[in-house]
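Working notes for the structure below.
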Amino acid sequence: MKAVLIEKDEQGYRAALQELEPSFLQGGDVVVDVAYSTLNYKDALAITGKGPVVRLFPLIPGIDLVGTVVESDSEKFKTGDKVLLNGFGVGEQYHGGLAQRACVKSDWLIHLPPQITPFQAMAIGTAGYTAMLCIIALEKQGITPDSGKILVTGANGGVGSFAISLLAKLGYHVVASTGRVSEAEYLIKLGAKDVIDRNTLSEPGRPLGKSLWAGAIDSVGSHTLANVCAQMEYGGSVAACGLAQGMDFPATVAPFILRGVNLLGIDSVMRPIPDREAAWQKLAQLIDDTMLKDIATTISLSQVVEVSNDLLAGKVQGRVVVDLTM
């Protein structure tokens, strides 16, 4: 089988496409023929070695996969089932989806919703699934399209692109924050009503700013998240799911104790199965090919290492789907 393999030894840290024996895969009770995987920000950090993502060497990266069960020792899944996996440490401490075959634990899998094709599932991937978890979290706090404007930071990234599309389809007024204002047309096509420059949020700001947002989805962290919290309306909520700018949070308690702002931490990696199934069922109701056409780009396994560098350099827009059959 073909796979991207990350190695670290006396020769250094490297990732390359290799031919491996299926016996290289161990530890799971379900074997999956992988149809598609994805290339996420975390995958790019792992492949390039620019982030402390990988905890085991050698390792096949890839935090997402979709495919068909070919062997199973689990009562939950049988041969021929279409299955989906996001997170649970695959691509970090367990072999992941950037290979033509995967051997994984059944506790990590869900059945692919029948309304979604394998390609669509990976066009959505962890990014779209995380965006939906954020939206569900905001709605649980009582936020509706009538509440006011919803800010999405990191708008050109995978989570941001999906958050804009999904929120717009649900009827929200979406404002997109991006470092690539020149690509505002793309964000407006996705559904954003307004586009602002990320520089208005990325520098140190005041403990409290003007009340602008009823809700927000932030994949950036650091000063950006602090400023977003400072600009929330009374009782507003921020769903925080990323740290593209940094994992620090240089804020004060002012937004939380003076405006009752809610900061909602969104973890997609270890999310319980019922939450995953609920998010994917809602995605199945909202996703269409037109939306995915605007967001997703397809590459082959042989292009993964090169595109990882482009992704970290900010040269990649939206989602990257890896076709394991190419």
Side-chain angles (χ1 to χ4, degrees), residues 1-20 24-25 34 36-65 85-100 102 122-123 125-130 153-162 178-180 183 198 202 219-222 224 241-248 268-269 295-324 326:
M1 68 175 189
K2 292 180 180 178
V4 173
L5 189 68
I6 300 172
E7 298 177 275
K8 183 180 180 182
D9 52 30
E10 62 276 1
Q11 299 177 39
Y13 191 107
R14 61 199 181 279
L17 183 62
Q18 296 196 30
E19 196 80 36
L20 302 175
F24 182 82
L25 304 173
V34 182
Y36 298 94
S37 185
T38 62
L39 188 63
N40 298 281
Y41 189 81
K42 183 182 285 186
D43 298 321
L45 288 174
I47 289 165
T48 61
K50 293 181 179 177
V53 174
V54 180
R55 305 176 197 175
L56 172 74
F57 297 95
L59 183 85
I60 297 170
I63 64 174
D64 291 326
L65 67 87
L85 193 158
N86 309 108
F88 279 122
V90 300
E92 299 179 67
Q93 55 185 326
Y94 308 105
H95 294 309
L98 289 171
Q100 292 175 319
M122 289 295 96
T126 283
Y129 151 65
T130 301
T153 67
N156 278 94
V159 174
S161 296
F162 263 104
T178 179
R180 290 178 262 171
E183 298 176 10
R198 72 179 178 195
S202 60
S219 59
V220 179
S222 192
T224 297
C241 63
L243 41 72
Q245 186 179 3
M247 67 168 57
D248 59 322
S268 63
V269 176
I295 291 176
T297 301
T298 304
I299 65 171
S300 67
L301 198 58
S302 63
Q303 295 172 278
V304 163
V305 175
E306 178 185 354
V307 177
S308 293
N309 287 290
D310 291 341
L311 195 157
L312 294 185
K315 298 178 182 178
V316 175
Q317 180 177 274
R319 297 280 298 140
V320 179
V321 178
V322 183
D323 186 340
L324 276 298
M326 291 175 66

Who passes side-chain contact (heavy atoms from CB on, under 4.5 Å) against Gln100, sequence neighbours left out?
Met1, Lys2, Leu324

Of all heavy-atom pairs between Ser37 and Gly97, which one has the smallest distance, and what is that distance?
CB-O, 3.3 Å

Could you list the residues that satisfy side chain to side chain donor-acceptor pair (under 3.5 Å) with Asp323, not counting sequence neighbours?
Thr325

Parallel, tilted or perpendicular: which describes the rings of His95 and Phe24, with under 30° parallel and over 60° perpendicular?
tilted

Are Glu183 and Thr178 side-chain neighbours, meaning at least one heavy-atom pair lies under 4.5 Å?
no

Find out whether Leu20 and Ile60 are in side-chain contact, i.e. whether some heavy atom of one side chain is under 4.5 Å from a heavy atom of the other.
yes

Of all heavy-atom pairs between Leu5 and Pro58, which one has the smallest distance, and what is that distance?
CD1-CB, 3.9 Å

In the structure I gave you, are the side-chain heavy atoms of Ile6 and Tyr13 within less than 4.5 Å of one another anywhere?
yes

By side-chain contact (heavy atoms from CB on, under 4.5 Å) - contacts of Val90 (at least two apart):
Leu85, Tyr94, Trp108

In this structure, OG1 of Thr48 is separated from CG of Leu312 (nearest 0.5 Å) by 4.5 Å

For residues 40-47, please give each side-chain donor-acceptor pair under 3.5 Å, one per line with the distance, not counting sequence neighbours.
unit_1	atom_1	unit_2	atom_2	d
Asn40	OD1	Arg319	NH1	2.8
Asn40	ND2	Thr38	OG1	2.8
Asn40	ND2	Asp43	OD2	3.0
Asn40	ND2	Asp64	OD2	3.1
Lys42	NZ	Glu92	OE2	3.3
Asp43	OD1	Ile63	N	3.1
Asp43	OD2	Asn40	N	2.9

Looking only at heavy atoms, the pair that brings Leu65 and Ala102 closest together is CD2-CB, 3.8 Å

How long is the span from the CG atom in Asn86 to the CE atom in Met122, to the nearest 0.5 Å?
5.5 Å

Are the side chains of Asn309 and Lys50 in touch, meaning some heavy atoms are under 4.5 Å apart?
yes

Of all heavy-atom pairs linking Val316 and Val320, the shortest is CG1-CG2, 3.5 Å

Validation row: Leu17, Val305 side chains within 4.5 angstrom (heavy atoms)
no

Residues passing the side-chain contact (heavy atoms from CB on, under 4.5 Å) test with Ala123, sequence neighbours excluded, are Phe119, Leu292, Ala296, Val321

Would you please name every residue forming a salt bridge (Lys or Arg N to Asp or Glu O under 4.0 Å) with Glu306, sequence neighbours left out?
none

If every non-hydrogen atom of Thr130 is compared with every non-hydrogen atom of Cys241, which pair is closest and at what distance?
CG2-CB, 3.8 Å

To the nearest 0.5 Å, how far apart are OH in Tyr36 and CE in Met326?
9.5 Å

Could you check whether any side-chain N or O of Gln245 sits under 3.5 Å from a backbone N or O of Ser202, counting only pairs where one atom can act as donor and the other as acceptor?
yes

Just so I know, are the side chains of Leu98 and Val322 near enough to count as touching, which here means a heavy-atom distance under 4.5 Å?
yes

